[in-house]
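Below is one structure, written out as structure tokens; the observations come after it.
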Amino acid sequence: IYIKSSSPRDKMDCILLLGEGNFSYSHELINSDKFLICTTNESYETTINKYKNNALKNIRVLSKCNNVKILYNIDATYINHPFILRNNIIKIVFNFPHLEFPGKDASLQHNNLLDGLFKEANKLLAKNGSLEISLFLSLKYRLWDLIGKYGLHLNAVNIINWSTFTYYNHCTTKLVKNRYELNDGYYNRLAATWIFSKNYKDKIEMPKEIDNFNDLINNIYYCDICDKNINDSIYGDHKNSKSHRNNAWNELLKNKKNNP
């Protein structure tokens, strides 16, 4: 694929990828007929040291493509890079947005992340552009404020078919078994992509998998302090339990140590 603007000032139709860990999803899209702006909030050095299995390999592949620009240290909640601002952003993709050290108020902090993302997307997107956010269908994400805001409206929800990916390798923001790149396990996890645009739709048809998931968790709550699912019939007992109170106390001490 070779895409060239006739002038450095000409706008190109671009897909903006945010929060790329090891750039494997970017690798997945290199045959796109659109220009790809592939970004991470980390530095080049942090990226290749953190995602040792695949990051450098993917970056080398992307660097040889004429339809790709790689940018480091890009904050998804405050995007001011001139290369991004001067082009026509027709799609923004953020797969599995997570903060690395959210603490026990994770839902609040991740909602702030989403809030900033929606604000930036509204400013950057072309008139008919779209914002795509992918998340696992897990109980903790039920607390995330994944609704349209700042002029963006939910248009569709699509279940992710993991078998369609060739290069994409899911990453986590925290160490799991001494690694950030997960080569197995997640293929069996139900996940979906939520698609937003500036066009309002009266009715959205949800996939049956999401309806089944909502029915399943209708009477379950997620405890941020203990990081576990609790049936609503015993939620009050759980909050008064010794284990919950100990976890809450330890979290308070840790926060005081980190913020004297």
Side-chain angles (χ1 to χ4, degrees), residues 14-23 25-26 37-42 71-81 84-85 89-160 168 170-174 180 186 189-201 204 206-207 209-210 213-214 217 220-225 227 229:
C14 299
I15 298 174
L16 174 61
L17 305 175
L18 297 171
E20 286 291 278
N22 61 6
F23 289 95
Y25 189 75
S26 297
I37 306 177
C38 311
T39 77
T40 175
N41 69 322
E42 297 172 317
L71 299 175
Y72 300 93
N73 300 307
I74 299 297
D75 181 354
T77 65
Y78 182 69
I79 300 172
N80 61 354
H81 195 284
I84 299 174
L85 298 180
I89 307 300
I90 61 170
K91 183 188 293 185
I92 297 174
V93 180
F94 201 154
N95 288 317
F96 306 97
H98 283 84
L99 299 169
E100 187 163 8
F101 303 108
K104 290 298 181 182
D105 56 345
S107 296
L108 174 62
Q109 293 187 47
H110 282 109
N111 281 331
N112 291 337
L113 169 63
L114 291 175
D115 189 81
L117 174 61
F118 276 109
K119 276 185 180 179
E120 293 302 292
N122 182 49
K123 291 188 294 184
L124 292 171
L125 280 173
K127 183 178 179 180
N128 294 316
S130 63
L131 167 65
E132 298 186 1
I133 302 174
S134 296
L135 288 173
F136 288 113
L137 293 184
S138 176
L139 184 62
K140 64 176 67 178
Y141 302 124
R142 192 185 189 197
L143 302 176
W144 290 27
D145 193 11
L146 198 63
I147 59 173
K149 55 178 68 176
Y150 301 110
L152 293 174
H153 309 280
L154 183 63
N155 278 198
V157 181
N158 298 325
I159 297 298
I160 293 176
Y168 181 44
H170 185 66
C171 298
T172 179
T173 53
K174 63 181 181 180
Y180 291 98
Y186 66 92
R189 294 185 64 184
L190 195 60
T193 299
W194 305 72
I195 304 173
F196 303 84
S197 81
K198 296 179 180 180
N199 302 314
Y200 178 75
K201 290 185 70 173
I204 302 166
M206 287 289 182
E209 292 90 344
I210 291 183
F213 173 74
N214 287 336
I217 67 171
I220 300 178
Y221 292 91
Y222 174 73
C223 178
D224 270 346
I225 296 295
D227 190 25
N229 301 333

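Because only heavy atoms are used, hydrogens play no part in the values below, and waters and symmetry mates are left out as well, while side chains stay in. Starting from 1, each residue takes its place in the sequence as its number.
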One should read off an interatomic distance between Ile160 CD1 and Thr193 OG1, to the nearest 0.5 angstrom, of 3.5 Å
**Report entry** Side chain proximity check, Thr39 to Leu18, heavy atoms < 4.5 angstrom
**Finding:** yes
### Query
Can you check side-chain contact (heavy atoms from CB on, under 4.5 Å) on Leu17 and Tyr25, steps first, answer last?
CA-CA 9 Å; Leu17 305 175; Tyr25 189 75; 4.2 Å; yes
side-chain contact (heavy atoms from CB on, under 4.5 Å) between Val157 and Ile195: does it pass, once the steps are laid out?
CA-CA 6 Å; Val157 181; Ile195 304 173; over 6 Å; no
Distance col, row Leu124:CG vs Lys119:NZ, nearest 0.5 angstrom, shows 13.5 Å
Closest non-hydrogen atoms of Ala191 and Phe136, given as atom of the first, atom of the second and distance, are CB-CD2, 3.7 Å
* Counting only N and O atoms by type, is there a donor-acceptor contact under 3.5 Å from the side chain of Thr40 to the main-chain atoms of Glu20? -> yes
Note to self: Are Trp194 and Leu154 packed together at the side-chain level, in the sense that at least one heavy-atom pair is separated by less than 4.5 angstrom?
What the structure shows: yes
Rounded to the nearest 0.5 Å, the NE2 atom of His81 sits from the CD1 atom of Ile37 at a distance of 9.0 Å
Quick one: does Asn199's side chain have a donor or acceptor within less than 3.5 Å of a partner on Asn128's backbone?
no
Worksheet item: Is the closest side-chain heavy-atom distance between Ile84 and Ile89 below 4.5 Å?
Response: yes
For a ring-ring contact (aromatic ring centres under 6.0 Å, His included) check, start with the C-alpha distance between His153 and Phe196, then their side-chain angles and the critical distance, and finish with the verdict.
CA-CA 5 Å; His153 309 280; Phe196 303 84; 9.3 Å; no
| said: When you compare the side chains of Asp115 and Tyr150, does any donor N or O come within less than 3.5 Å of an acceptor on the partner? | reply: yes
(message) Using only atom types and a distance under 3.5 Å, with no angle test, would you say the side chain of Lys198 pairs donor to acceptor with the backbone of Ser130?
(response) no
Looking only at heavy atoms, the pair that brings Ala76 and Phe94 closest together is CB-CE1, 3.7 Å
Scanning both residues in full, the closest heavy-atom pair of Ser134 with Pro97 reads O-CD, 3.6 Å
Output for pair (Leu131 CG, Ser197 OG), nearest 0.5 Å, gives 9.5 Å
For this session: Kindly indicate whether the side chain of Leu16, heavy atoms from C-beta on, has any atom under 4.5 Å from the side chain of Ile79.
Result: yes
Only one of Thr77, Ile133, Leu113 passes side chain to side chain contact (heavy atoms under 4.5 Å, CB included) with Phe118, and that residue is Ile133
Exactly one of Ile92, Val93, Asn158 clears side chain to side chain contact (heavy atoms under 4.5 Å, CB included) with Glu132, and that residue is Val93
On a heavy-atom basis, the closest approach of Glu42 and Tyr72 is O-CB, 3.4 Å
